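All values derive from a computational prediction rather than experimental measurement.
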Amino acid sequence: MRILLTNDDGIQAVGLRALYKALVAEGHEVHVVAPITEQSAVGHAITLSAPLRVKEFREENFFGLGVSGTPADCVKLAISTLLKDAPELVVSGINAGANVGVDIMYSGTVSAATEGALMGFPALAVSMDNHNPEELSGQAGYAAGLLPRLPIAALPKKCVLNLNFPDRPVDQAAGFKVCPHTRVAYTDWYEERTDPRGRKYYWMCGEIKHEKISPGRDRLLLTQGYITLTPLRFDFTDHDTLALLDQLDS
Ligand code: MN
């Protein structure tokens with residue numbers, strides 16, 4: 001398959017490099033267009049008021065294009081301009097850190113896949129429930145091996161598949177579950193710190209409270225050691241409330 005590979009951790013991230021190697025080993029034609037610098041949690045931002053620069057990363061056993069923009073910029077620029085032929089699949093990751101529940105709204109990784117989906121291509125986001133992974137070849141191999149099993153041609157338009165790996169070696173995973181995403185939001189707080197020149201600054205911290213997590217959804221299943229796969233769609237219309245408000249326009 002011709003695959004566009006991107007991420008939000010940057011073109012030199014462990015997860016992207018592992019996935020590149022695994023996809024190439026499976027015989028795929030892999031085109032990397034990824035942010036030059038880390039773009040975690042930039043969401044679906046696109047660059048409107050600055051130029052996008054493209055830099056070649058030509059290394060032994062790796063070639064990719066780095067873009068001075070966001071993950072969504074990378075996908076837009078790649079498909080519209082940089083790639084000679086359209087991809088058959090857009091893959092984003094492997095992200096350092098899970099993308100479950102509301103992470104989908106903040107995640108550059110998922111947003112890159114979403115951009116691919118919105119442009120009409122099948123899309124897969126891949127994340128790992130660890131913010132400092134050192135080695136992801138097992139997860140990358142699993143993701144590459146999963147591709148032929150996915151019903152890509154049968155997926156509805158604008159569907160994103162969101163794959164998450166638990167924080168353990170992939171051969172020690174409890175299993176594989178297709179599940180909905182958790183709906184619990186993070187409880188956030190800000191650490192107040194002082195910089196070397198005596199000025200205050202703030203650093204966001206947050207967690208999904210364990211007692212609020214519902215069973216059978218991605219967050220809890222990941223914690224229990226399962227690999228999770230959630231199909232996402234981006235019709236934000238609340239159909240129940242649409243009926244409630246229906247009388248307003250009559
Ligand atoms: Mn990231």
Donor-acceptor contact below 3.5 Å, side chain Thr6 vs main chain Val33:
yes
So the salt bridge (Lys or Arg N to Asp or Glu O under 4.0 Å) pairs with at least one residue in residues 62-89 (sequence neighbours excluded) are Lys76-Glu115
Residue set satisfying ring pair (Phe, Tyr, Trp, His ring centres under 6.0 Å) with Tyr142, at least two apart, ordered chain then number -> Phe165
Would you say the side chain of Lys55 lies within less than 4.5 Å of the side chain of Phe57, judging by non-hydrogen atoms?
yes
What about Leu163 and Val100, same hydrophobic cluster or not, with Ile/Leu/Val/Met/Phe/Trp/Tyr joined at side-chain heavy-atom distances under 4.5 Å?
no
Pairs where residues 185-195 contributes a residue and the test salt bridge (Lys or Arg N to Asp or Glu O under 4.0 Å) is met, not counting sequence neighbours
Glu191-Arg193, Glu192-Lys200, Asp195-Arg199
Any side-chain heavy-atom pair from Met1 and Ile152 closer than 4.5 angstrom?
yes
Determine whether Glu59 and Arg17 make a side-chain contact, defined as any pair of heavy atoms from C-beta on separated by less than 4.5 Å.
yes
Would you compute the distance between atom CG of Leu124 and atom OG1 of Thr109 and round it to the nearest 0.5 angstrom?
11.5 Å
Can you get from Leu161 to Leu222 by hopping between Ile, Leu, Val, Met, Phe, Trp and Tyr side chains that sit under 4.5 Å apart?
no
With the 4.5 Å side-chain cut-off for hydrophobic clustering, are Phe63 and Val24 part of the same group?
no
Applying side-chain contact (heavy atoms from CB on, under 4.5 Å) to Lys157 and not counting sequence neighbours gives none
Does Glu60 CD have over 12 foreign heavy atoms under 6.0 Å away?
no
Step by step, would you call Glu211 with Val184 a side chain to side chain contact (heavy atoms under 4.5 Å, CB included)?
CA-CA 10 Å; Glu211 62 274 15; Val184 182; over 6 Å; no
Please examine the side chains of His44 and Thr114, heavy atoms only from C-beta on, and report whether any two atoms are closer than 4.5 Å.
yes
For Ser40 and Asp9, test the side chains for any donor-to-acceptor distance below 3.5 angstrom and give the result as yes or no.
yes
Side-chain contact, heavy-atom cut-off 4.5 Å: Asp103 with Tyr186?
yes
For residues Leu16 and Phe62, determine if any side-chain heavy atom of one lies less than 4.5 Å from a side-chain heavy atom of the other.
yes
Could you check Asp8 against Val42 for side chain to side chain contact (heavy atoms under 4.5 Å, CB included), going step by step and ending with a plain yes or no?
CA-CA 8 Å; Asp8 78 359; Val42 302; 5.8 Å; no
How would you list, by chain and number, every residue that makes a ring pair (Phe, Tyr, Trp, His ring centres under 6.0 Å) with Phe176, sequence neighbours excluded?
none
For Ile104 and His181, what are the C-alpha separation, side-chain angles and deciding distance, and is it a side chain to side chain contact (heavy atoms under 4.5 Å, CB included)?
CA-CA 9 Å; Ile104 293 159; His181 69 71; 3.8 Å; yes
Given 3.5 Å as the limit, does a donor-acceptor pair link the side chain of Ser107 with the main chain of Val110, or not?
yes
Pairs under 3.5 angstrom only: tabulate donor-acceptor contacts from the side chains of residues 227-236 to other protein residues two or more places apart or in another chain.
{"from": "Thr230", "atom 1": "OG1", "to": "Cys179", "atom 2": "O", "distance (Å)": "2.8"}
{"from": "Asp235", "atom 1": "OD1", "to": "Thr237", "atom 2": "N", "distance (Å)": "3.0"}
{"from": "Asp235", "atom 1": "OD1", "to": "Thr237", "atom 2": "OG1", "distance (Å)": "2.9"}

Begin from the C-alpha positions of Asn164 and Leu221 and carry the test side chain to side chain contact (heavy atoms under 4.5 Å, CB included) through to its verdict.
CA-CA 10 Å; Asn164 279 279; Leu221 288 168; over 6 Å; no
Taking CZ in Arg2 as the centre, count heavy atoms belonging to other residues, nucleotides or ligands within less than 6.0 Å. Is the count above 12?
yes
